[in-house]
2 protein chains.
Amino acid sequence: MTPSPGRRGDLFDPACPTRRLLDRIGTKWFSMAVKVLAEAEPDEVGFAELRRRIPGISQKMLSSTLQGMAADSLLTRRVEATNPPRVHYRLTELGLSLDAPLAAVRAWAEEHMAEIDEAGLKDQAAGSREATTAASD
Amino acid sequence: MTPSPGRRGDLFDPACPTRRLLDRIGTKWFSMAVKVLAEAEPDEVGFAELRRRIPGISQKMLSSTLQGMAADSLLTRRVEATNPPRVHYRLTELGLSLDAPLAAVRAWAEEHMAEIDEAGLKDQAAGSREATTAASD
DNA sequence: CTGTATCCGGTTCGATACTG
DNA sequence: CAGTATCGAACCGGATACAG
């Protein structure tokens, strides 16, 4: 259980929900899933369509991502018990509200995309200076 | 060559800078580093102090994180060629501007911390069959 | 003091195969 | 169609040892 209920969001505490949320966001397909689901609002989206809208994702990862989101009450699942069975996903209010700050990050990335890209290239050509000869990625 | 000069930020394209940025944000210590560095502005911060302010981080990860940020021009490095050598880090304008949207995510996490936490607990007690038996975390 | 290199473990992720 | 299970690969992250 959480060590201190009155504690404010301590990003540095691994046990803090804020930290867990950040970790969750960091998973590979999370932000893409949120974006697709948010754009689909207020409609529900099926598993297959979700997969179609997230190029490259596998069943496993889509399932995992969806489960993770549901575990944090970011997502609801509606099962249509027909044949063939169809399952519809939809963001909760909580999940939808998360899309706002996430969209801000996306917007930032789009806005400064060129600068980031340039930086990555310049990294190669840099002669010396104090330029970071980073080679981690 | 980058295939997307005029392309809009395509989050789904692994080669797109926006996607790379999201991946970088997702790394374990990134957001914490940005926060600490942003709070230190406009002062510079030394390696040791940075380490002190990010509990639990190892030299390697701090170095990696810093390198990654520098590779994207989010950070500048000033080496003081003395003995002992001291290195000062400081966010670039680009890096500092990233703190804003990141802070929005942090704020969201803090605001909804309780709901997330509750959801995580409820996951345990839930007797429902289709309840998310998430075991990813 | 400020890093880098190496080893190693844990987790994430992906392809495939299988069940309802 | 909608998912789960299993396996193996790749990567992230940590401890230690070492270099400038």
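Here is the naming used below: chain letters follow the sequence lines, and residue numbers restart at 1 for every chain. Note that these values count all heavy atoms, side chains included, but never hydrogens, waters or copies made by symmetry.
Between B/Lys60 atom NZ and D/dC12 atom C1' there is a gap of 8 Å when expressed in whole angstrom units. In this structure, the CZ atom of B/Arg86 is 11 Å from the C1' atom of C/dT2, given to the nearest Å. With rounding to whole Å, B/Leu66 atom CG is found 7 Å from C/dG3 atom P. Note: CZ (B/Phe47) to P (D/dA19) measures 18 Å, nearest angstrom. A straight line from CZ of B/Arg51 to C1' of C/dG3 spans 11 Å, rounded to a whole angstrom. If you measure from atom CG of B/Leu62 to atom P of D/dC12, you get 17 Å, rounded to the nearest angstrom. Rounding to whole angstrom units, CD of residue A/Glu80 and C1' of D/dC1 are separated by 12 Å. As a whole-Å value, the separation of A/Gln59 CD from D/dT4 P is 11 Å.
In plain terms, the two heavy atoms of B/Met69 and B/Arg24 that are nearest each other are N-CD, 4.4 Å.
Dashed line: the shortest gap from a side-chain N or O of B/Arg77 to OP1 or OP2 of C/dT2 is not under 4.0 Å. When the side-chain nitrogen and oxygen atoms of A/Ser63 are compared with OP1 and OP2 of D/dT4, one or more of them lie within a distance under 4.0 Å. Phosphate proximity of C/dG3 to B/Gln67: absent, as no side-chain N or O sits under 4.0 Å from OP1 or OP2.
Residue B/Met61 has its side chain nearest to D/dG13 when only D/dG3, C/dG3, D/dG13 are considered. The side chain of A/Pro84 sits closest to D/dC1 out of D/dC1, D/dA15, C/dC13. Here C/dC13 is the nucleotide among C/dC13, D/dG3, C/dT4 with the atom lying nearest to any side-chain atom of A/Lys28. Out of D/dA15, D/dA2, C/dT2, the shortest distance to the side chain of B/Ser58 is found at D/dA15.
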**Verdict with supporting geometry, A/Leu66 and A/Leu50, side-chain contact (heavy atoms from CB on, under 4.5 Å)** = CA-CA 10 Å; A/Leu66 260 19; A/Leu50 228 31; 4.1 Å; yes
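Looking at which nucleotide of DNA chain C each of A/Pro85 and A/Trp29 is closest to, the 5′-most match is held by A/Trp29.
Between A/Arg106 and A/Glu110, none of the side-chain N atoms (NZ, or NE/NH1/NH2) sits under 4.0 Å from a carboxylate O, so this pair counts as no salt bridge.
For A/Arg90, the CZ atom is densely surrounded, since the number of other residues' heavy atoms within 6.0 Å is greater than 12.
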